[in-house]
Amino acid sequence: MSDEIGLRERKKRQTRQLISDVASGLFVQRGFDNVTVAEVAEAANVSTKTVFNYFQRKEDLFFDRFPQAIDLITRAVRERPVEEEPLAALRRLALELLKERHPLGGVGEGYQFFWQVVLDSPPLQARAREFVEELEGLIGALFAEATGAAPDDPWSRLSAALVVAAYRTAYVVGARRILAGERADDVLDDHIVLLNRSFDSLERALAP
């Protein structure tokens, strides 16, 4: 039975990835706003209903790694070593993603095509802003949980907003350089320095 469940889960992940890959290819070629969900479904050889079984909205077809980001952040804080502070756990995660050249790290060859699609689409920009708010809520709740504070603790929420703002700023700086034509390898070292300086400042600002 467990093997059957495992096989079904693998098939689901494969189907989700296929739909997302097909959608991203179409969005890069034609622009997000010029492609319908029905066209994505047809190109992926699935029904429109199947697409919405995996993705609640069209924007999530493109931002398909948002759930992974939430999972990685949650695990980094909750599963950190006892002696490690939540902020240090987030720094470690950010640097590990860069070291692995993970798409969520924000620096990599070819990323300019992804960002250009976002820049050309107001709905995608709106969804990105919405996700920033979701991240603030998530990190605020994780900080509160780690310190034993109430879920709506204002200091935890303020701390989370500062963390998200710092990471977003570093991400945007790197993205703009790559969009301007710089090689990812040339941007990476500066990006790491900026991230570390940002987290150093956050640690001083948020110290008890």
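Remember, predicted model here, so these are calculated numbers, not experimental data.
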Self-check item: Option passing side chain to side chain contact (heavy atoms under 4.5 Å, CB included) with Val51 (candidates Val22, Val37, Thr15)
Solution: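 Running side chain to side chain contact (heavy atoms under 4.5 Å, CB included) over Val22, Val37, Thr15 with Val51 returns exactly one hit, Val37.
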[X] side chain near [Y] side chain, heavy-atom distance below 4.5 Å:
X      : Y      : answer
Trp115 : Ile178 : yes
Leu104 : Gln68  : yes
Phe55  : Arg16  : yes
Asp33  : Pro123 : yes
Glu203 : Glu85  : no
Gln17  : Arg13  : no
Glu133 : Val164 : no
Leu18  : Asn45  : no

Measuring from [X]:[atom1] to [Y]:[atom2], what's the distance to the nearest 0.5 Å?
X      : Y      : atom1 : atom2 : value
Leu98  : Ile192 : CG    : CD1   : 5.5 Å
Leu162 : Ile139 : CG    : CD1   : 11.0 Å
Arg177 : Leu188 : CZ    : CG    : 10.0 Å
Asn53  : Lys12  : CG    : NZ    : 9.5 Å
Arg10  : Arg8   : CZ    : CZ    : 11.0 Å
Asp120 : Gln116 : CG    : CD    : 4.5 Å

More than 12 heavy atoms from other groups under 6.0 Å of [atom1] on [X]:
X      : atom1 : answer
Arg168 : CZ    : no
Glu134 : CD    : yes
Gln56  : CD    : no

Do you know the tightest heavy-atom contact between [X] and [Y]?
X      : Y      : answer
Leu206 : Leu87  : CD1-CD2, 4.4 Å
Val117 : Val28  : CG2-CA, 3.7 Å
Pro86  : Val77  : CB-CG1, 4.1 Å
Val40  : Ala23  : CG1-CB, 3.7 Å
Val187 : Glu182 : CG2-CB, 4.0 Å
Tyr167 : Gly105 : OH-O, 3.5 Å

Donor-acceptor pair, [X] side chain versus [Y] backbone, under 3.5 Å?
X      : Y      : value
Lys58  : Val35  : yes
Asn34  : Arg30  : yes
Ser20  : Asp64  : no
Thr147 : Ala144 : yes
His191 : Ala170 : yes
Glu59  : Arg57  : no

What residues, two or more places apart in sequence or in another chain, satisfy side chain to side chain contact (heavy atoms under 4.5 Å, CB included) together with [X]?
X      : result
Phe63  : Phe66, Phe114, Val118, Leu124, Arg127, Ala128
Thr36  : Ala38, Glu39
Ala161 : Glu136

Quiz item: Can Asp190 and Arg197 be said to form a salt bridge (Lys or Arg N to Asp or Glu O under 4.0 Å), step by step?
Solution: CA-CA 11 Å; Asp190 290 343; Arg197 288 184 62 186; over 6 Å; no
Quiz item: Would you say the side chains of Thr50 and Ser47 form a donor-acceptor pair under 3.5 Å?
Solution: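 Short answer, yes.
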Quiz item: Got a sec, which hydrophobics cluster with Val173, joining ILVMFWY side chains under 4.5 Å apart, including via others?
Solution: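 Noted: Val173 shares its cluster with Leu194.
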Exercise. Show your working on side-chain contact (heavy atoms from CB on, under 4.5 Å) between Gln125 and Glu130 and close with a plain yes or no.
Key: CA-CA 9 Å; Gln125 293 174 42; Glu130 187 176 82; over 6 Å; no
Quiz item: If two hydrophobic side chains count as joined below 4.5 Å and joins carry through other members, does Val193 share a cluster with Leu93?
Solution: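 Cluster IDs for Val193 and Leu93 differ.
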Exercise. Report whether Leu90 and Val172 are members of the same hydrophobic cluster (ILVMFWY, side-chain heavy atoms less than 4.5 Å apart, transitive linking).
Key: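 Shared cluster, no.
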Quiz prompt | Residues which pass ring-ring contact (aromatic ring centres under 6.0 Å, His included) with Phe32, listed by chain and number, not counting sequence neighbours | solution =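 Only Phe27 meet the ring-ring contact (aromatic ring centres under 6.0 Å, His included) criterion with Phe32.
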Quiz prompt | CA sep, side-chain torsions, deciding dist, call: Arg75, Asp71, salt bridge (Lys or Arg N to Asp or Glu O under 4.0 Å) | solution = CA-CA 6 Å; Arg75 286 167 47 201; Asp71 179 61; 3.0 Å; yes
Exercise. With sequence neighbours left out, write down each residue that passes side chain to side chain donor-acceptor pair (under 3.5 Å) with Arg183, or none if nothing qualifies.
Key: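 Asp185, Asp186.
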Exercise. Output, in order, the C-alpha distance, side-chain angles, deciding distance and verdict of side-chain contact (heavy atoms from CB on, under 4.5 Å) for Arg157 and Asp153.
Key: CA-CA 6 Å; Arg157 186 58 189 262; Asp153 173 53; over 6 Å; no
Quiz item: Could you walk me through whether Arg92 and Glu84 pass the salt bridge (Lys or Arg N to Asp or Glu O under 4.0 Å) check?
Solution: CA-CA 10 Å; Arg92 176 169 51 81; Glu84 187 176 55; 2.8 Å; yes
